[in-house]
Amino acid sequence: MSLVTQLGDVVGAAFADLGLDRSLGKVVPSQRPELADFQCNGAMAAAKRAGRAPRDIATDVVARLEDVPMLATVDVAGPGFINLTVTDAVLANTIESMHKDERAGLPSSEERQTVVVDYAGPNVAKAMHVGHLRATIIGDSLARIMEAIGHRVIRDPHFGDWGFQMGLLVTELEDQYPGLPYFEDPLPETFPQESPVTLEDLQTLYPRASERASSDDSFAQRAREATVRLQNGHRGYMALWHHMKRVSEESQRADFAALGVEFDLWYGESDVRDRIPSMIEALRESGAAVESEGALIIPVATEDDNRDIPPLILTTSSGGYLYSTTDLATIEFRVKDIGADLILYVVDSRQANHFTQVFRAARKGGIAPPALTMEHIGFGTMNGPDGKPFRTREGGVVRLADLISMVKSAAKQRLDEAEMAAEYPEEERDAIAAKVGIAALKFGDLINNRTSDYMLDLDRFTSFEGKTGPYLQYAAVRMGSILRRAGDMGLSSGAIVGTEVPVERFLHLELTNLPEVVMRAATLRAPNHLADYAFSLSGSFNRFYDVCHILSEEDATIRSSWLGLVETCERSLRLVLGMLGIEVPPRM
Ligand code: ARG
């Protein structure tokens, strides 16, 4: 049990003693660390209910806590805060149990749930661009956090591979290469193994097709018809579709690998295609779906809406399925086949309306049972220096692969400037630069509140100073190298004992916060709490290390306790960085 939970129980018991609610005893880290270690704000809440002055209640609670052995001091402050300071021994014991625990005291959530994290979601025919970066980074971190606290996590990118964009591509290709076997009538028995298009082809075909569709009605109509034919399994279109899908997935997989991101399912919208007809039939029969101007829709607006929520379109008048249709069928799949309890959709905030429609329709149609929780985890934009969404100098979309190589070379330059890893083999320096670059990118993103926009600033992100990924990697490497040097000197760690050194005590306190920070990040779906924590933990460690000269300390008990502290810090920092998807090079 974490220290704040233990304290909360003790303080809660004092509230209960006074006939007040036990939960009022909740304890949090102090907002004024110079005054106390922890605080409880329960007297303020109790006052309203009990009709008494908060200070009086706080005084009564404090009177009941005076003899608690784990507390060094307990007193009332301000309007009725209860300030608590634990003894050095309690603190040292808490760190000692973290030290012994491989998970460094990381909490396990009480109920193991199956959590589907739906993130990244690139569409077929497009290389990943910077727009997918935030979804990938945030989604991956949330998946890691949920897994770290004991949930069963299923990562699913939900590739966009079954909608109108496929019809657009087919039609554009048919116009440009009418001789391809996929368009013959009658269709040949077999089709070529070789893809008729490369990713580069698709990258030019797709914008041209969508441009044409917006200016040319008959082209758009043909693309809609092609979409329907594809969705109905036209053999030639399907063969072509497989090629397009494979070509783009290959490049997407490479981008994900460069980011250190892995999925459990590599599914897309198309993977639920066989469920769609029966799902639609059931929705029609139950009355959830109704006919409207030739289309089949699910009305989802409610009286309390303060904005217009249009109905979800299940089938268009030409008989095609849309993005929402596949999303609904995917919920059915996740509930029935995966046993999902919670689905997190890590998708741009601009899709908020889409998810409102899908979630409501899923409830209304009985696809999402009451026990299933569905959340849209929105996020803001990554902007360029001009405050507008990040683009190339020419105003084009930046390919993710290009951004990744940009950030790697920026990291390499930083290493050169700092003369870091200078004597290592070139290959190792490249590997370090790659890890540093990716860490810079991920941390630069995750440190922000996810709903805010932020500015991509490679210069700042790759710095080894300040709130950056590379600074944290360096801190973790430094902890490791202290331990290695200690090993070389034949020194080992021992039980953690409390000392009077303020920076050390502060580091102890900082470490005890780890379990709560992890839970907060998980509950709020907010990795930035962990990013902040990693930074303050590293700072506290560096301050401790400046003052306490571990390896030259002569008192063996203190020295081995300090080594134990370094081990605990290293493990904790690595755990947190792991949850942020940041890798630490073996040395740098
Ligand atoms: N492919 C979509 C896009 O590019 C993102 C998919 C998000 N996930 C979902 N289940 N709708 O916008």
Side-chain angles (χ1 to χ4, degrees), residues 115-140 142-143 153-169 202-203 206-207 210 227 241 244-245 248-249 251-253 255-256 261 263-273 275-276 279 300 312-314 321-335 337-338 340 342-363 367-368 372-382 389 397-400 450 525:
V115 182
V116 175
V117 187
D118 175 323
Y119 65 106
N123 286 346
V124 165
K126 290 190 194 169
M128 299 230 290
H129 57 81
V130 296
H132 298 109
L133 187 67
R134 293 212 74 188
T136 307
I137 293 177
I138 299 169
D140 192 54
L142 288 175
V153 173
I154 311 286
R155 300 156 163 88
D156 182 353
H158 199 74
F159 291 113
D161 60 4
W162 202 234
F164 182 52
Q165 83 269 27
M166 303 310 307
L168 281 173
L169 280 166
L202 290 176
Q203 304 252 72
Y206 184 70
S210 53
T227 310
W241 175 84
M244 296 195 285
K245 190 168 153 70
S248 35
E249 253 183 55
S251 107
Q252 290 161 352
R253 277 184 192 250
D255 289 343
F256 287 130
V261 171
F263 294 95
D264 300 293
L265 306 176
W266 292 79
Y267 284 179
E269 298 176 25
S270 67
D271 287 284
V272 293
R273 60 182 184 265
R275 293 180 175 266
I276 293 177
M279 175 187 81
V300 292
L312 176 142
I313 301 176
L314 210 49
Y321 307 134
L322 301 180
Y323 183 41
S324 313
T325 324
T326 47
D327 251 328
L328 275 183
T330 305
I331 295 175
E332 186 186 271
F333 161 72
R334 288 172 179 166
V335 169
D337 294 21
I338 299 190
L342 169 66
I343 309 178
L344 300 178
Y345 293 86
V346 187
V347 187
D348 197 312
S349 294
R350 283 170 292 194
Q351 291 197 26
N353 272 343
H354 166 74
F355 287 106
T356 304
Q357 289 176 322
V358 169
F359 296 167
R360 287 185 185 181
R363 296 268 184 232
I367 294 170
L372 174 73
T373 307
M374 297 169 289
E375 289 176 31
H376 173 207
I377 311 297
F379 51 81
T381 339
M382 182 178 91
V397 180
V398 181
R399 283 183 62 165
L400 190 54
R450 72 175 148 75
R525 327 289 190 218

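Both ligands and their constituent atoms are indexed starting at 1 by order of listing.
Residue-environment remark: CG (L322) exceeds the threshold of 12 foreign heavy atoms within 6.0 Å.
Shown here are the side-chain contact (heavy atoms from CB on, under 4.5 Å) partners of H129, two or more places apart in sequence or in another chain: H132, V397. Under the ring-ring contact (aromatic ring centres under 6.0 Å, His included) criterion, F355 pairs with Y345, F359, H376, sequence neighbours left out. Residues that satisfy the side-chain contact (heavy atoms from CB on, under 4.5 Å) test with T356, not counting sequence neighbours, are R307, I309, R360.
The 4.0 Å heavy-atom shell around ligand 1 contains residues D118, G121, N123, H158, Y323, D327, Y345, V347, Q351, F355, ordered by chain and number.
Taking the six-membered ring for Trp and thresholds of 30 and 60 degrees, H354 and Y323 have nearly parallel ring planes, at less than 30 degrees apart.
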Pair R334, I154 - check side-chain contact (heavy atoms from CB on, under 4.5 Å), show working. CA-CA 10 Å; R334 288 172 179 166; I154 311 286; over 6 Å; no
